Amino acid sequence: MKYFTILGILACSVHIITAKDTRTEFEKALIVPNILDTAPTEKIEVKYGNKSVDLGNELTPTETQQIPEIHYKHEGGVLYTLVMTDPDVPTRKGYNREFRHWLVGNIPEENIAKGEILAEYVGPAPPKNSGKHRYVFLVYKQNQGSITFDERRLSNRDGPQRKRFNVKKFAEKYNLEGPLAGNFMRVEYDDNVPAYAKLLGF
């Protein structure tokens, strides 16, 4: 009996440490307060093939062009909104304006493929000499159920229309709860960026 009690305490401790790490890393990276008032406590699992996003680790534009695999803690029958945003446009030297890389609403549980695509996924393409950009993944809960989003739908070629995004205002507009979960990576220019930027319409 004592053995199982100890295991339960250890499991709770591991969960608490994980939650604290997510919040702490968001604050250390200045995502709070740059674009969020409060940091998420849960971590989104984000995988690009065999590469995982891990609270600020570095990946390349080449490694992150395909839609990642996403998993997060969720409730049965609940709808969620997923956001991927870059708060370092045009440069990493200070907070400027966000660039929306991916926006999906009305996601049943964690089934992204069945959600409503508001902005198709586009991978990181940070300009040359602009430093390491933070690419932030966030999950919000839709407490009121299905939402009628009045956002312009953006294809993966609508680069210029993705500028001047504000995730905080977006969440307030649609009364989203959270962010409940998050993750982020750092990505810097590589030689393939010009080709990616051209596809985006820049």
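In this text the structure is predicted, and so the values were computed from the model without any measurement.
Between the side chain of N106 and the backbone N or O of I117 there is no donor-acceptor pair closer than 3.5 Å. A donor-acceptor pair under 3.5 Å links the side-chain atoms of D158 to the main chain of S155, judged by distance alone. In terms of modelled atom types and a separation under 3.5 Å, the side chain of R134 and the main chain of G56 share no donor-acceptor contact. Side-chain N or O atoms of E63 include one that pairs as donor or acceptor with a backbone N or O of T60 at under 3.5 Å. Not a single donor-acceptor pair under 3.5 Å links the side chain of H71 to the backbone N or O of E45. Between the E120 side chain and the N156 main chain, a donor and an acceptor come within less than 3.5 Å of each other. No donor-acceptor pair closer than 3.5 Å links the side chain of Q65 to the backbone N or O of V122.
Shown here for G115 and P108, the closest heavy-atom pair between the two residues is N-CD, 4.2 Å. Taking both residues in full, the closest heavy atoms of E177 and N143 are given as OE1-ND2, 2.7 Å, listed atom of the first, atom of the second, then distance. Residues L36 and P179 share a closest heavy-atom pair of CD1-CG, 4.0 Å. Here the closest non-hydrogen pair linking Y140 and A171 is CE2-CB, 3.7 Å.
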Working for side-chain contact (heavy atoms from CB on, under 4.5 Å), residues D86 and V89: CA-CA 7 Å; D86 171 6; V89 177; 3.5 Å; yes
Using salt bridge (Lys or Arg N to Asp or Glu O under 4.0 Å), reason through E25 and K28 one step at a time and then give a plain yes or no. CA-CA 5 Å; E25 293 305 319; K28 281 168 59 179; 3.3 Å; yes
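For the pair E116/S146, no side-chain contact is recorded, criterion being any heavy-atom separation below 4.5 Å from C-beta on. Looking at heavy atoms from C-beta onward, Y196 lies in side-chain contact with P61 at the 4.5 angstrom threshold. In this structure, the side chains of R162 and L154 come closer than 4.5 Å at one or more pairs of heavy atoms. I35 has its side chain within reach of T85: a pair of non-hydrogen atoms, C-beta onward, lies under 4.5 Å apart. In this structure, V193 and P127 have side chains that are not in contact, with every pair of non-hydrogen atoms separated by 4.5 Å or more. Y189 is listed as a side-chain neighbour of P194, based on a closest heavy-atom distance under 4.5 Å. Taking 4.5 Å as the limit, every side-chain heavy atom of V167 sits out of range of all side-chain heavy atoms of R100. Side-chain contact between R164 and F99 is absent, with no heavy-atom pair separated by less than 4.5 Å.
One distance of note links CG of L118 with CZ of R153; it measures 5.0 Å at 0.5 Å rounding. From D88, atom CG reaches atom CZ of R186 across 9.5 Å, with rounding to the nearest 0.5 Å. The distance from atom CZ of F26 to atom CG of N34, rounded to the nearest 0.5 Å, is 12.0 Å.
Considering E109, E42, E75 as possible partners of K141, the one that fulfils the salt bridge (Lys or Arg N to Asp or Glu O under 4.0 Å) test is E75.
Between the side chains of Y174 and D150, at least one donor-acceptor pair of N or O atoms lies under 3.5 Å. If you check the side chains of Q142 and T81, you find a donor sitting under 3.5 Å from an acceptor. Side chains of D21 and T24: no donor on one and acceptor on the other come within 3.5 Å.
In the hydrophobic cluster analysis, where Ile, Leu, Val, Met, Phe, Trp and Tyr join through side-chain heavy atoms closer than 4.5 angstrom, V32 is grouped together with F170. Linking ILVMFWY side-chain heavy atoms closer than 4.5 Å, directly or via other members, places L103 and L79 in two distinct hydrophobic clusters.
By the neighbour-count criterion of 12 heavy atoms within 6.0 Å, atom NZ of K114 is sparsely surrounded, having that number or fewer from other residues, nucleotides or ligands. Residue K51 qualifies as open at atom NZ: its count of foreign heavy atoms under 6.0 Å is 12 or below. Counting heavy atoms of neighbouring residues, nucleotides and ligands inside a 6.0 Å radius, atom CZ of R157 does not exceed 12 of them.
Other residues sharing the hydrophobic cluster of Y48, ordered by chain and number and joined by side-chain separations under 4.5 Å: I44, V46, V53, L59, I67, I70, Y72, V78, Y80, L82, M84, W102, V104, I107, I112, Y121, Y135, F137, V139, L180, M185, V187.
The residues K73 and E110 are annotated as not salt-bridged, no charged nitrogen and carboxylate oxygen being separated by less than 4.0 angstrom. Between K132 and E188 there is a salt bridge, with a side-chain nitrogen of the basic residue lying less than 4.0 Å from a carboxylate oxygen of the acidic one.
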